[in-house]
Amino acid sequence: MLERKELSAVELTESVLARVEAVEPSIGAYVTVTADIARVQAAAADRLRAKGLGGPLTGIPICQKDVLATRGVRTTCGSRMLEDFVPPYDATVVRKLQEAGAVMIGKGNMDEFAMGSSTENSAFHPTRNPWDPARVPGGSSGGSAAAVAAGEALGATGSDTGGSIRQPAALCGIVGLKPTYGRVSRFGLVAFASSLDQIGPFGRSVHDCALLLQAMAGYDANDSTSVDAPVDDYAGALSGDVRGLRLGIPEEYFTADLDPAVRACIEEAIADLERAGATIVRGISLPSTPHALAVYYIIAPSEASANLARYDGVKFGYSYHDGGGMWEDMERTRQHGFGDEVKRRIMLGTYALSAGYYDAYYLKAQKVRTLIRQEFDRAFERCDLIVAPTTPTVAFRLGEKSDDPLQMYLSDIYTIPVNIAGLPGMSIPCGFAQGLPVGMQLIGRPFEETTLLRAGDAYQRLTVWHQRRPELAAMEAGS
Ligand code: GLN
């Protein structure tokens, strides 16, 4: 509509801001709404488009996860520690999306420091699932996913350390893509576990995600882990053709924990892809999969304990001042600034790295990590993509897993191995169980995002799941 001049970017932004106003009281997707910035950016987008300039994202309203630094706009990371932190610079991804003409509606709510699977660990408020406000949207990028599902943004950014893009995408019925480790610059991403963290897009369609990734991906001198490899033409690769593509089905991802109704949706989606001409390769073997969760909960907290050492109340963020001296001030800063889950991770990580335990835990986890990666390499000799569920169940109720960290951790069993191996993974809506969305996960070889996107787009051309809207959003839209 923007291209056909049936709608201006300002009108589009105003309609999204009106939706935000209408549904935020029941969803809570945003920590901060940046309406003034959005209006300025939308007007600039219209001026560009009037001159025949700009690209596909010019004037498109998006939500930025509050883990990404935004110059002049507070970046909380869902934590009291950064409640009033206003970065003096933009994350590379924020800058790139801005340069592509995207309009920032606000900063998406998240689990504190991206630690969680439900967005209940936000220090500010939980986010609710637009399909059923009694349920969680997933996490940690729950605000971003809920915003897109509820029509409070047309696309969003997220970060994924163990599933934080794919899991909320699945539970909210949208598409979420975690690119290959190194594909997107993390400069300006508040670090959680640096060997696992990656930034990626959310959209209603695979095509939308392709456009967003195009703008986000690429080498960045400010992030030495970003890879200097050419960025493919993602949208251009969406041919709709999956003929001859070999899809591997790993037994280890269809375990007893998998809800039978979720399994049925995945099986049907696999059959749809087979009818479209893909070749199904059963019996792909990833035997170390059952160890992935344990490996992750050694490596991620270890790295987090180091990354979070910087929050000492001295350089930036929350600072306690009335203690008996420097050490007490630092202790109190961390005692008050961090929530329970973050403290749990810091303690786990500090323990795993401590003298005498390092070899037994951290080093051993690194060895199993290598095995997991090697098994994926071998699996990809027999197939081009791996198909699996994204989550074992549909969205659970608020409070259902809050008192049981292990149950919460288990909602990421199918997404975590992908981060451990550094591979690209994407969740796509593939049906409904108990009236709630189900996500199918596609996993690819390193830097083969194009294959993921092509298969996902082909699937969306055959199915209508991604076109369904939650009733909440539909009701508000009609009003
Ligand atoms: N839920 C996982 C965790 O709590 C993954 C989070 C993430 O990907 N950021 O660590």
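Order of listing sets the numbers, starting from 1, for every ligand and every atom in it.
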- Message: Among all the protein's non-hydrogen atoms, which is closest to atom 1 (N) of ligand 1, and how far away is it?
- Response: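 Going by distance alone, atom 1 (N) of ligand 1 is nearest to Asp412 OD2, 2.6 Å.
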- Message: Ring-plane angle category for Phe432 and Trp465, please: parallel below 30°, perpendicular beyond 60°, tilted otherwise.
- Response: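 Rings of Phe432 and Trp465: tilted, 30 to 60°.
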- Item | Backbone or side-chain N or O of Gly162 under 3.5 Å from ligand 1 N or O |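 Yes: some nitrogen or oxygen of Gly162 is under 3.5 Å from one in ligand 1.
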- Message: Side chain, backbone, both or neither: which applies to Phe192 and ligand 1 if a contact is any heavy-atom pair less than 4.0 Å apart?
- Response: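 For Phe192, only side-chain atoms sit under 4.0 Å from ligand 1.
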- Where does the angle between the aromatic ring planes of Phe376 and Phe380 fall among parallel (under 30°), tilted (30 to 60°) and perpendicular (over 60°)?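 If you compare the ring of Phe376 with that of Phe380, the planes turn out parallel.
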- Query: Which residue and non-hydrogen atom of the protein lie closest to atom 10 (O) of ligand 1, and at what distance in Å?
  - Reply: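 Its nearest protein heavy-atom neighbour is Tyr296 OH, 2.6 Å.
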- Message: Is there a polar contact, in the sense of an N or O pair closer than 3.5 Å, between Ala114 and ligand 1?
- Response: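 It does: an N or O of Ala114 is found under 3.5 Å from an N or O of ligand 1.
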- Task: Taking Arg186 for its side chain and Gln198 for its backbone only, find out whether a donor-acceptor pair lies under 3.5 Å.
- Result: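 A pair under 3.5 Å: no.
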- With heavy atoms of Tyr297 as the reference, note each atom of ligand 1 found under 4.0 Å away.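 Near Tyr297, meaning under 4.0 Å from one of its heavy atoms, ligand 1 has 2 (C), 3 (C), 4 (O), 10 (O).
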- Item | Sub-4.0 Å heavy-atom contact, Arg345 with ligand 1 |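 Right, Arg345 reaches ligand 1.
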- Message: Within this structure, what is the SG-CG distance for the pair Cys209 and Asp457, rounded to the nearest 0.5 Å?
- Response: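 It comes to 11.0 Å.
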- Message: Assess, by modelled atom type and distance only, whether the side chains of Lys401 and Ser411 contain a donor and an acceptor separated by less than 3.5 Å.
- Response: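 No, because no side-chain N or O of Lys401 sits under 3.5 Å from a partner of the opposite role on Ser411.
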- Message: I'd like to know whether ligand 1 has Gly116 as a neighbour, heavy-atom separation below 4.0 Å.
- Response: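 Yes, Gly116 has heavy atoms under 4.0 Å from ligand 1.
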- To the nearest 0.5 Å, tell me how far Ile266 CD1 sits from Gln441 CD.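 Going from the CD1 atom of Ile266 to the CD atom of Gln441 covers 9.0 Å.
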- Message: Tell me whether the rings of Phe187 and Tyr89 are parallel (<30°), tilted (30 to 60°) or perpendicular (>60°).
- Response: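 Answer is tilted, since the angle falls between 30° and 60°.
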- Task: Specify the protein heavy atom at minimum distance from atom 6 (C) of ligand 1: its residue, its atom name, and the distance to 0.1 Å.
- Result: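 Heavy-atom neighbour on the protein nearest atom 6 (C) of ligand 1: Ser164 OG, 2.8 Å.
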- Output the list of atoms in ligand 1 that are nearer than 4.0 Å to some heavy atom of Met115, sorted by atom number.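 Counting from 1, the qualifying ligand atoms are 4 (O).
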- Just jot down the ligand 1 atoms closer than 4.0 angstrom to any heavy atom of Ser140, in number order.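 By the 4.0 Å cutoff, the relevant atoms are 9 (N).
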- Task: Run through Leu452, Leu442, Leu453 and flag the one making a side-chain contact (heavy atoms from CB on, under 4.5 Å) with Val206.
- Result: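 With Val206 as partner, side-chain contact (heavy atoms from CB on, under 4.5 Å) holds for just one option, Leu453.
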- Give the contacting part of Phe113 toward ligand 1: side chain, backbone, both or neither, where contact means a heavy-atom distance below 4.0 Å.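 No part of Phe113 comes within reach of ligand 1.
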- Item | Sub-4.0 Å atoms of ligand 1 with respect to non-hydrogen atoms of Asp160 |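 Listed by number with element: 8 (O).
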- Item | Matching residue for Tyr414 among Thr289, Thr255, Asp257 - test: side chain to side chain donor-acceptor pair (under 3.5 Å) |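 Between Tyr414 and the candidates, side chain to side chain donor-acceptor pair (under 3.5 Å) is satisfied uniquely by Thr255.
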